[in-house]
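Report on one structure; see the data block that follows.
Residue numbers begin at 1 in each chain, while the letters A, B, ... track the order of the sequences.
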Amino acid sequence: MLDKTFDPAAVEPRLYQLWEREGAFAANPASAARPFTIMIPPPNVTGSLHIGHALTMSVQDTLIRWRRMQGRDALWQPGTDHAGIATQMVVERLLATQGLDRREMGREAFLKHVWEWKAQSGGSITRQLRRLGASLDWPRERFTMDEGLSKAVIQVFVTLHREGLLYRDRRLVNWDPVFQTAISDLEVESREVKGSLWHLRYPVEGEPGRFLVVATTRPETMLGDTAVAVHPEDDRYKDLVGRHVILPLVGRRIPVVADPYSDPEKGTGAVKITPAHDFNDFEVGRRHNLAMPSVLDADAKVILAEIAAGLSADGGDPDFVRALEGVDRFEARKRIVARLQELELVEKIEPHTHAVPHGDRSGVPIEPRLTMQWYVDAKTLAQPAIRAVETGQTVFVPRQWENTFFAWMRDIQPWCVSRQLWWGHQIPAWYAPDGEVFVAHSEAEAAEAARRKFGREVTLVRDPDVLDTWFSSALWPFSTLGWPEKTPELAKYYPGDVLVTGFDIIFFWVARMMMMGLHFMQDVPFRTVYIHGLVRDEKGQKMSKSKGNVMDPLELIDAFGADAMRFTIASLCGPGRDVKLGRKRVEDNRAFVTKIWNAARFLEMNGISAPQGFDPSKVETPLARWILDGANRAIAECTAALEAYRFDEYAAAGYRFVWGSYCDWFIEFAKPVLNGPDGAEKTEVKGVAGHVFGTILRLLHPVMPYVTEELWHLFGFGPEGSLIRTAWPEAVPVPEAEAARVELDWVVSLVSEVRGARSEMNVPPSVTVPLLLQGASAATLARADAWSEAIRRLARATEVRMLGGPPPKGVAQVVVGETTVMLPLADVIDLAAERARLAKARGAAETDAKKIAAKLANPDFVARAKEEVVEENRERLAAAEAEIARLDAALARIAG
RNA sequence: GGGCGCUUAGCUCAGCGGUAGAGCGCCUGUCUUACACACAGGAUGUCGCAGGUUCGAUCCCUGCAGCGCCCACCA
């Protein structure tokens, strides 16, 4: 006997182990089956499973299980990402608690710590993925820094370099002063900051008492100013162009240049130019051949080396400036402003709110810094990727995300890929003492190249920098399959079928996989990109620790089971929508899991299990035909929904069929048969009950793997194998399905109408009365007779028969099709209430009829609307009018 | 500043050219031998606003408003 309720905590680990033991998740490159590939977006090794993972992984698992059941050779490729900055940060913090500092211990020792840490806690995310039920092909698990993937990274780096698509350049980068590394544009986020706009007076050379006033939000960078720019058309400053001003404090002469970058509307229209600390100024500096002295170091502290020579007491204050050496940028700002105020060189200070770029991980303002870095020529690599989406080789779902993709790709900037970190793929570049660079697969290869170049042995030093984490992630779709080796996996599983991810990493990851995949594999990395929303709380707010609204998927699984959580996620996963997840919803959906469980208990109680030799195409009872027809439709709906990535519709279709058809009606209709005598009918009903239950388990397995697999085994389905490897259901031809549908639909409406009338009349369930049919056709009478037992049970009737003679006094009446059904309830009901009820029904029918009649009275409608629409309206009008007539008759009977 | 999306029942959302739907919540009954994580019944909407196209608009077009997001922006 099945337990009273399903116990996920006991069942889930057992089944997961069973699947793993059976090798149920394994792809088979040797099989002839058509592949279906999903590459997991590799979670950070530092990570633990959060609700966003639960969403994306549930979706992927649903897809992979479904396709696997369809007979595809499904590969869901697992793995994790080394996550450069994030991991280094975590380990550094850990070491700090032990009083250790990476700089003191050195690179090698630090990396040893990171690897140790990874060995200890790196597996937690993969253990947590198992709890979700994720059917990943674990033996194929990869790590972005394992040997094979590192080889791929070097191969790509060297190749791109040889092709001129990867190069070193000295230009401004986004510098994160906390992590002391360059970061890419994507790792920078704008934050609104309330600051000030300082208007500074720069004395005009040779014209004592005249000042050129510049407005700035960053007075501390003035030390590095090498010009002031004004707009060529700006009459206010025309006479100053070509002349010089004296940079206060520093005492350096700097030119006034005319440059269209200067906006007369902004600030004072004159803008100080600090080429080494501002992206726009850098461009201006290039155009005017300006010097580009850096005045802030890697810590964002003042450094004077590059301007020391220009310090002058004539118009400057060298002692003050020298004292700034090593001072933090914000402290320097305060001091410089204070000093300029003393010198009466501050015209005014306005409050000013503006967007300031911050490091997305460090949270501090980034500092544009002039450094030598490695860049990928993204512009060139982007072109084939853009074309691939334009031509539909890769399709985004929902489609609108293609616009986002195009917008970014068409304006893509060089990708800075070097990072001044230790944890990551060290750049395969070696420098000779003269600075000559040798990019090679190995030190030996670099040394060989150097020997050829110099004609002798030279000492090479490897570039200490590592690559952006996304550089290796970009290769994920092929590096995990063994590239650059020509493996059977690579041949079979590339390109992948679908990539599932959130819109937040379209740029970071999707775009870059497209670029690298097309360049190195000459084909897109995936045919479809399914973009889902973000998980938010039930009020639609982003989940965050500070708001305290974070939901822990593992806690939800503990509380309600993985199936309930997965089903909830699927049901909320509509197109282009964020997923607003509340704890209550998961709890509600646990009821659905329980509903399935209880249906199973009912079957068990009636001795129903997996039917042997049951042939759905040969059933004879209308009940069997009807439920099989319903199952066919559910199969079609679920399949279509999954094909369209409509997880919400898939969940809804499954729910509707199980709860609304199988449980609410089929089981109820089956009860009289099951309680009745043994025979052909009973055998068939038991058979179809078991058969359709099996269909339900198969249909729901992709989203609710555990409860379905458990019941599959308990009911003896598929003795040869687990549900996970069972075929996805397909529609079977059902004989005379239409007739069965008409018949059962009639019974359902009869029962519903009678229940409605009884309920509205407040007839207690304990009161049972005969149902007297008036005006029933022969077919209806036959149905009433055939289904009398079910009708009696469901509509609380003593009998169902033709009204013989005049109607009794005090009846409640309902109209079902051509028949008026009378319930003799003289003692129980209030006649006035019954009259009101009938009048209301008549009113509804009349409103309906009037609307349709008006439409049909419009000659334009009849002339221009489609023929079948007109015809349909005529039929509806006739039906409404007939119903009004019957209700009128019913009212007349009561009046009399 | 540029772009995208959303606005439908109290809540969360489907629908997107021809009778406004679901789940939850609410109200009324019921422990009816699978299930109270349940059963039965009921109420609830000028489908954001204003125009237009159409025989017909929640659905298509235009404008407006509100909300959300992405990109750009340190004068």
Side-chain angles (χ1 to χ4, degrees), chain A residues 2 4-5 190 193 195 197-200 214-218 221 229 261-263 265-272 277-281 352 354-357 365-366 368 398 400-401 403-404 407-408 411 503-504 506-507 534 538-540 560 564 571-572 574-578 580-582 584-585 587-606 646 648-649 652 655-656 660 663-664 667-668 671 675 751-752 755-760 762-766 793-794 796 848 851-852 855 858-866 868-870 872-873 876 880:
Chain A
L2 260 54
K4 181 112 175 134
T5 53
S190 285
V193 170
L197 190 57
W198 287 275
H199 292 245
L200 309 180
V214 297
T216 180
T217 57
R218 301 211 53 199
T221 64
Y261 160 65
S262 184
D263 180 351
E265 304 294 317
K266 276 190 186 170
T268 63
V271 57
K272 66 194 256 328
H277 295 285
D278 182 284
F279 286 94
N280 290 308
D281 292 5
H352 184 63
H354 57 122
V356 178
I366 66 110
Q400 83 231 19
W401 290 109
N403 294 328
T404 306
W408 190 68
D411 187 36
F503 56 81
D504 49 331
I506 289 178
F507 305 146
L534 251 44
E538 61 269 80
K539 290 188 224 103
F560 307 115
S571 69
L572 296 172
R577 282 261 184 193
D578 285 339
K580 287 183 199 161
L581 188 66
K584 173 79 168 61
R585 297 196 164 264
E587 186 176 352
D588 290 341
N589 283 129
R590 180 186 51 179
F592 182 46
V593 178
T594 307
K595 186 76 181 177
I596 297 168
W597 189 258
N598 279 314
R601 295 178 74 218
F602 172 81
L603 299 186
E604 183 189 41
M605 208 167 274
N606 285 279
R646 287 297 303 267
D648 57 335
E649 285 185 352
Y655 188 99
R656 250 195 324 267
C663 291
D664 284 351
I667 286 183
E668 294 305 326
K671 278 175 182 174
N675 290 338
V751 168
S752 298
R755 278 170 170 173
R758 289 179 56 110
S759 181
E760 275 186 74
N762 285 317
V763 179
S766 52
R793 184 188 168 89
L794 298 177
R796 319 247 358 126
D848 206 27
K851 254 162 64 181
I852 305 165
K855 209 184 241 189
N858 178 355
D860 282 333
F861 172 71
V862 180
R864 304 192 180 217
K866 274 178 286 187
E868 61 264 33
V869 173
V870 177
E872 188 195 324
N873 274 278
R876 273 172 47 210

Could you write nucleotides 39-45 of chain B as a row of B, S and -, 5' to 3', where a protein heavy atom under 4.0 Å of any base atom gives B, of only sugar-phosphate atoms gives S, and otherwise -? SSS-S--

Could you give the distance separating B:A9 and B:G21 at their P atoms, to the nearest angstrom? 14 Å

Less than 4.0 angstrom between a side-chain N/O of A:Lys671 and OP1 or OP2 of B:C35, yes or no? no

Who does B:C64 pair with, Watson-Crick or G-U, both distances under 3.5 Å? B:G48

Pairwise C1' distance, B:G15 and B:U7 [rounded to whole Å]: 15 Å

Would you kindly check whether a donor in the side chain of A:Thr404 faces an acceptor in the base of B:C70, or vice versa, at under 3.5 angstrom? no

I'd like the P distance from B:G48 over to B:U12, given in whole Å. 15 Å

In Watson-Crick or G-U wobble terms, with both distances under 3.5 Å, the base opposite B:U58 is none

Step by step, work out the side-chain contact (heavy atoms from CB on, under 4.5 Å) result for A:Arg585 and A:Leu572. CA-CA 10 Å; A:Arg585 297 196 164 264; A:Leu572 296 172; 3.9 Å; yes

Within this structure, what is the CH2-to-P distance between A:Trp408 and B:C70, rounded to whole angstrom? 16 Å

Which heavy atom of A:Trp597 sits nearest to which heavy atom of A:Lys4, and what is that distance? CD1-O, 3.7 Å

Could you identify the nucleotide paired to B:A34, looking across every strand shown and requiring Watson-Crick or G-U wobble geometry with both distances under 3.5 Å? none

When the distance from CG of A:Leu2 to C1' of B:C37 is rounded to whole Å, what number comes out? 16 Å

Would the distance check show the side chain of A:Asp281 and the main-chain N or O of A:His277 forming a donor-acceptor pair, the cut-off being under 3.5 Å? no

In whole Å, measure the gap between the C1' atoms of B:U8 and B:C59 for me. 11 Å

Partners of A:Glu668 by side-chain hydrogen bond (donor to acceptor under 3.5 Å, both in side chains), sequence neighbours excluded? A:Lys671

Which whole number of Å gives the distance between the C1' atom of B:U58 and that of B:C31? 43 Å

Gap between atoms CH2 and P, on A:Trp401 and B:C6 respectively (whole Å): 11 Å

